[in-house]
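First the structure, in the form of C-alpha cells, and then the observations on it.
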2 protein chains.
Amino acid sequence: MIETHYSCPCMEQCPLNRAMQLIGGKWKMQIICSLNNGGSIRYNHLKQRLDGISNTVLAKALKELEECGLVTRHEFMEVPARVEYRTTKACDDLIPILDSLSDWCEKYEMKE
Amino acid sequence: MIETHYSCPCMEQCPLNRAMQLIGGKWKMQIICSLNNGGSIRYNHLKQRLDGISNTVLAKALKELEECGLVTRHEFMEVPARVEYRTTKACDDLIPILDSLSDWCEKYEMKE
DNA sequence: CAGTATCCCGGCAGATACTG
DNA sequence: CAGTATCTGCCGGGATACTG
C-alpha cells in the first residue's frame, strides 16, 4: 500500500454521514418503523406506540423527519386538532436497506 | 387497519437498533471507512486520517468496535509499541449495505 | 507509539405544565 | 388533540497531560 496522504471521503460531509444523522438518534428508527407499519397515523396514536417518548422529543423528531423529506404531515382543519403522519417514497425506499442492516446484525449476532 | 394494540418490534432490542448503536456515534462511520480503505492500519496512522479526533474518543471507539466484532486488534510485541487494526468479515459484509445507504441518500438529495 | 487519567462542556433527551 | 415552553440532568465527546 502506497503511503499517500490519503483522506477518507467521510471526512467531508459524505452521504453516508448525512444518512446517519437523519436516521440516528434515540427514537428515529422506532418512529420510522411505526409509521412504515401503520399507514397514516395520528400524533397521539404514534405516541402510544412509542412507549415512553415525551412530547418534546417526539415533536422535534417528527419535525426533523418532515424537514428532510422522510415523513409528511397532514393537518386536518378540525376541532379538536387532527394531524396525521405517513412515510414518503424516500422513506419507503429506505426500508429495504434497513432490513438488510437488520439481517446483517442478526447474522453476526452482534451484541453491543 | 384494525386497531389492535400494536407495538413496533423496534420497541424491544431489535437487530436494527443494535446495528445503529454499533455504527452510530460521531466517528464510528469514519473509522470503519478508513479501516475498510486501508487494510491494516496502525493507531497513529488512523488518527491522522481522522483529522481532529482525540485519543480518548478514538481509543474508546476502537475498543467498542473490537468488542462487537467489527475490527480486530493486533498487538506486536515490539518497542516502541505497535498495534494494527483491520476490519473483520462481519465489517466487510456491512460495507455494501452502507454503500446502498449512501446511494439512497444521494438519490434523494437528503439535507440535514 | 499507543494508549490511559482527569477534568470539562454542550447538547440531546426527558419531565412537567401549559395552550390554540 | 397536538403540540409548545421551560427547566433539568446526564453523558457523549473533547482537551490536555501523563505512562508502559
Side-chain angles (χ1 to χ4, degrees), chain A residues 3 10-11 13 17-18 20-32 34-35 38-68 71-86 112, chain B residues 3 10-11 13 17-35 38-68 71-86 112:
Chain A
E3 277 294 328
C10 280
M11 291 311 298
Q13 262 303 18
N17 269 332
R18 264 183 287 143
M20 289 303 293
Q21 277 158 31
L22 301 183
I23 62 178
K26 190 172 177 184
W27 291 98
K28 291 274 178 69
M29 204 60 94
Q30 284 97 317
I31 295 175
I32 290 171
S34 292
L35 289 177
S40 276
I41 310 182
R42 298 181 65 161
Y43 181 89
N44 270 342
H45 188 188
L46 185 54
K47 196 185 168 192
Q48 285 163 29
R49 289 193 179 182
L50 304 166
D51 194 43
I53 199 170
S54 70
N55 276 326
T56 27
V57 174
L58 178 55
K60 184 165 175 285
L62 283 171
K63 197 169 287 182
E64 285 168 12
L65 289 172
E66 194 198 355
E67 277 169 4
C68 73
V71 311
T72 52
R73 197 187 101 109
H74 188 206
E75 185 172 359
F76 297 83
M77 288 309 164
E78 304 177 358
V79 178
R82 176 177 158 214
V83 179
E84 290 188 359
Y85 292 90
R86 62 159 44 249
E112 309 168 47
Chain B
E3 277 293 328
C10 279
M11 291 311 296
Q13 263 303 17
N17 269 333
R18 265 183 286 142
M20 290 304 292
Q21 277 158 30
L22 301 182
I23 62 178
K26 190 170 178 186
W27 291 99
K28 291 274 178 69
M29 205 60 96
Q30 283 96 320
I31 294 174
I32 290 171
C33 227
S34 292
L35 288 176
S40 276
I41 310 181
R42 300 182 64 161
Y43 181 89
N44 270 340
H45 188 188
L46 185 55
K47 196 183 168 194
Q48 285 164 29
R49 288 193 181 182
L50 303 165
D51 195 41
I53 198 171
S54 70
N55 277 327
T56 27
V57 175
L58 178 54
K60 184 165 175 286
L62 283 172
K63 196 169 287 181
E64 285 169 11
L65 290 172
E66 195 199 354
E67 277 169 5
C68 74
V71 311
T72 52
R73 197 187 101 109
H74 188 204
E75 185 171 359
F76 296 83
M77 287 310 164
E78 304 176 358
V79 177
R82 178 177 157 214
V83 179
E84 289 189 0
Y85 292 90
R86 64 159 42 249
E112 314 167 46

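Quantities reported herein were computed from a predicted structural model and do not represent experimental measurements.
Under a 4.0 Å N-O distance rule, the pair A:K60/A:E64 qualifies as a salt bridge. Taking 4.0 Å as the cut-off between side-chain N and carboxylate O, B:R86 and B:E84 do not count as a salt-bridged pair.
Set against C:dG3, D:dG3, D:dC1, the side chain of B:A59 has C:dG3 as its closest nucleotide. Nearest to the side chain of A:A81, among C:dA17, C:dG3, D:dA2, sits D:dA2.
Counting heavy atoms from C-beta outward, B:I31 and B:L58 have side chains that approach closer than 4.5 Å. Between B:R49 and B:I41 there is a side-chain heavy-atom pair separated by less than 4.5 Å. Within the 4.5 Å cutoff, the side chain of A:I53 has no heavy atoms near those of the A:K26 side chain.
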DNA chain C base-pair string [pairs: Watson-Crick or G-U under 3.5 Å; |: paired with another strand]: ||||||||||||||||||||
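The distance from atom CD of B:E78 to atom C1' of D:dG20 is 15 Å, rounded to the nearest whole Å. If you take CD1 of B:I53 and C1' of D:dT16, they are 16 Å apart, rounded to a whole angstrom. Here the P atom of nucleotide C:dG20 and the CG atom of A:N55 are 16 Å apart, to the nearest Å. Distance A:N44 CG to D:dT4 P: 13 Å, rounded to the nearest Å. Rounded to whole Å, atom C1' of D:dC1 lies 14 Å from atom CG of A:L62. The separation between A:L58 atom CG and C:dC12 atom P is 17 Å, rounded to whole Å. Here the C1' atom of nucleotide C:dA2 and the CZ atom of B:R49 are 17 Å apart, to the nearest Å. Nucleotide D:dG14 holds its P atom 10 Å from the CD atom of B:Q30, rounded to whole Å.
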For a side chain to side chain contact (heavy atoms under 4.5 Å, CB included) check, start with the C-alpha distance between A:K28 and A:L22, then their side-chain angles and the critical distance, and finish with the verdict. CA-CA 8 Å; A:K28 291 274 178 69; A:L22 301 183; over 6 Å; no
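Within the nucleic acid shown, B:Y85 comes within 4.0 Å of sugar-phosphate atoms alone, with no base atom in reach, counting heavy atoms only. Using a 4.0 Å heavy-atom criterion, one finds that B:K63 contacts the sugar-phosphate atoms exclusively.
For the OP1/OP2 pair of C:dG3 and a distance below 4.0 Å, the side-chain nitrogens and oxygens of B:K47 include no atom meeting the criterion. Put simply, B:R82 has no side-chain N or O that comes within less than 4.0 Å of OP1 or OP2 on C:dA2. Between B:R73 and C:dG3 there is a side-chain N or O to OP1 or OP2 distance below 4.0 Å. One finds a side-chain N or O of A:W27 lying less than 4.0 angstrom from the OP1 or OP2 phosphate oxygen of C:dG14.
Pairing each heavy atom of B:Q30 with each of B:L50, the nearest pair is CB-CD2, 3.5 Å.
Projected onto DNA chain D by closest heavy-atom contact, A:V83 and B:S54 fall at different nucleotides, the more 5' of which corresponds to A:V83. Where A:K60 and B:E84 meet DNA chain C, the nucleotide closest to each residue was compared, and B:E84 sits on the side nearer the 5' end.
Looking at A:T56, its side chain comes within 3.5 Å of the base of C:dA15 through a donor and an acceptor atom.
Rounded to the nearest 0.5 Å, atoms CG (B:L62) and CG (B:L35) are 7.0 Å apart.
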